[in-house]
Amino acid sequence: WLVIAVGLVRAYLAKGSYHSLYYSIEKPLKFFQTGALLEILHCAFGIVPSSVVLTAFQVMSRVFLTWAVTHSVKEVQTEDSVLLFVVAWTITEIIRYSFYTFSLLNHLPYLIKWARYTLFIVLYPMGVSGELLTIYAALPFVRQSGLYSISLPNKYNFSFDYYTFLILIMISYIPIFPQLYFHMLHQRRKVLSHTEEHKKSE
């Protein structure tokens with residue numbers, strides 16, 4: 001994720017504009033975000049003490065955005081909303097992996113712990129907004145091209161409308177996002193208040 005961050009900064013300095021920076025980090029984004037599928041297995045095997053369901057939703061939604069939307073609908077790759085979620089993901093993951101690394105070394109700076117459980121307040125809505133705006137921007141192109149859709153009649157007697165599926169994906173954010181967001185707020189209160197109490201006791 002540091003590679004992606006550096007790539008974004010270098011591209012911005014070279015172009016002098018934040019528009020269409022996606023192309024400068026497209027390959028590493030696909031590689032690292034797809035590699036995050038391993039995190040679901042890490043949770044399932046108990047290597048990481050996180051919820052398998054929450055992790056699976058977060059990782060799969062990102063992989064879906066990366067491949068089934070941004071990669072598949074070329075027209076949205078120039079949208080500023082793509083940069084919005086890429087920046088949010090990148091900052092979030094740099095902080096999160098730093099948190100894990102220093103925790104494993106038994107030397108976790110308070111600043112990293114604070115950032116891990118505080119910056120999501122802005123980054124999470126920022127990322128979700130970018131994701132939803134990108135899916136919304138893809139809708140007319142999906143409808144026009146019939147991307148991934150299967151129409152009747154066919155020998156399997158099965159139909160699938162990818163346009164409608166994307167709309168359902170967008171609607172699914174309504175019940176799921178608040179649950180994840182308030183879960184993180186609860187974790188923040190628990191972790192940071194525990195840290196403050198520990199400092200006072202010392």
Side-chain angles (χ1 to χ4, degrees), residues 1-40 54-98 119-151 159-177 180-181 184:
W1 289 99
L2 278 170
V3 170
I4 293 172
V6 171
L8 285 171
V9 172
R10 288 181 62 186
Y12 174 76
L13 293 175
K15 295 179 64 174
S17 170
Y18 64 87
H19 298 293
S20 303
L21 291 184
Y22 171 78
Y23 300 108
S24 64
I25 49 86
E26 181 179 7
K27 289 182 180 179
L29 176 68
K30 289 176 178 177
F31 178 78
F32 292 121
Q33 190 54 73
T34 305
L37 288 169
L38 290 171
E39 291 199 22
I40 302 172
L54 293 178
T55 301
F57 173 78
Q58 289 176 313
V59 171
M60 291 304 297
S61 66
R62 288 184 178 188
V63 172
F64 179 82
L65 253 294
T66 302
W67 289 102
V69 179
T70 311
H71 169 77
S72 300
V73 186
K74 307 294 183 187
E75 291 84 355
V76 303
Q77 294 175 0
T78 55
E79 294 286 331
D80 292 342
S81 57
V82 173
L83 184 63
L84 195 63
F85 73 70
V86 168
V87 169
W89 292 359
T90 302
I91 297 173
T92 299
E93 295 309 291
I94 289 173
I95 294 170
R96 191 165 67 93
Y97 284 116
S98 297
L119 295 186
F120 79 89
I121 295 172
V122 174
L123 293 172
Y124 208 169
M126 176 179 161
V128 167
S129 298
E131 293 171 21
L132 288 172
L133 288 170
T134 301
I135 296 173
Y136 181 76
L139 288 176
F141 301 106
V142 170
R143 188 171 211 171
Q144 184 179 11
S145 65
L147 180 71
Y148 299 143
S149 296
I150 302 171
S151 57
S159 65
F160 175 73
D161 185 11
Y162 190 55
Y163 176 85
T164 304
F165 179 73
L166 287 180
I167 292 175
L168 292 174
I169 290 290
M170 293 176 71
I171 293 172
S172 74
Y173 275 71
I174 296 172
I176 295 173
F177 168 70
L180 294 174
Y181 193 69
M184 286 299 294

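Worth knowing before you read on, the calculation uses all heavy atoms, side chains too, and leaves out hydrogens, waters and symmetry mates.
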Checklist entry - Do any pairs count as a side chain to side chain donor-acceptor pair (under 3.5 Å) and have a residue in residues 5-19, sequence neighbours left out, and if so which ones? => result His19-Asp80
Item to check | Residue pair Tyr22 / Thr70, side-chain donor-acceptor N/O under 3.5 Å | outcome: no
Item to check | Atom CZ of Arg96 with >12 non-hydrogen neighbours under 6.0 angstrom | outcome: yes
Next on the checklist: Tell me the closest heavy-atom pair linking Val76 and Ala137, and the distance in Å.
Outcome noted: CG1-C, 3.8 Å
Show the atom names and distances, to 0.1 Å, of all donor-acceptor pairs under 3.5 Å that link a side chain in residues 25-32 to residues at least two apart or in another chain.
from	atom 1	to	atom 2	distance (Å)
Glu26	OE2	Lys30	NZ	2.9
Lys30	NZ	His71	ND1	2.7

Next on the checklist: Quick check: do Leu166 and Phe64 have side-chain heavy atoms less than 4.5 Å from each other?
Outcome noted: yes
Checklist entry - Could you state the interatomic distance from CD1 (Ile94) to CD1 (Ile4), rounded to the nearest 0.5 Å? => result 8.5 Å
Item to check | 4.5 Å side-chain heavy-atom contact, Met126 and Trp89 | outcome: no
Checklist entry - Between CD1 of Ile95 and CG of Leu119, what distance do you get to the nearest 0.5 Å? => result 4.5 Å
Checklist entry - Is any side-chain heavy atom of Glu131 less than 4.5 Å from a side-chain heavy atom of Leu84? => result no
Checklist entry - Please walk me through it: do Tyr23 and Thr78 pass side-chain contact (heavy atoms from CB on, under 4.5 Å)? => result CA-CA 9 Å; Tyr23 300 108; Thr78 55; 3.4 Å; yes
Checklist entry - Are side-chain heavy atoms of Ile40 and Met60 found at a separation under 4.5 Å? => result yes
Next on the checklist: The test is side-chain contact (heavy atoms from CB on, under 4.5 Å); show your working for Ile121 and Tyr181 and say whether it passes.
Outcome noted: CA-CA 8 Å; Ile121 295 172; Tyr181 193 69; 3.3 Å; yes
Item to check | Between Tyr173 and Phe177, ring centroids under 6.0 Å | outcome: no
Next on the checklist: Side chains of Leu65 and Val82, heavy atoms from C-beta outward: is any pair under 4.5 Å?
Outcome noted: no
Item to check | Within residues 61-77 or reaching into it, pairs that qualify as salt bridge (Lys or Arg N to Asp or Glu O under 4.0 Å) - sequence neighbours excluded | outcome: Arg62-Glu93
Checklist outcome for this item: d(Leu147 CG, Tyr163 OH) to nearest 0.5 Å is 13.5 Å
Item to check | Side-chain donor or acceptor of Tyr162 paired with backbone N/O of Ile150 under 3.5 Å | outcome: no
Checklist entry - So how far is it from Gln58 CD to Tyr124 OH, rounded to the nearest 0.5 Å? => result 4.5 Å
Checklist entry - Got a second to check how far Ile176's CD1 is from Ile171's CD1, nearest 0.5 Å? => result 12.0 Å
Item to check | Nearest-0.5 Å distance, OG1 of residue Thr34 to CH2 of residue Trp67 | outcome: 5.0 Å
Checklist outcome for this item: Tightest non-hydrogen contact, residues Ser129 and Pro125, listed as OG-O, 2.7 Å
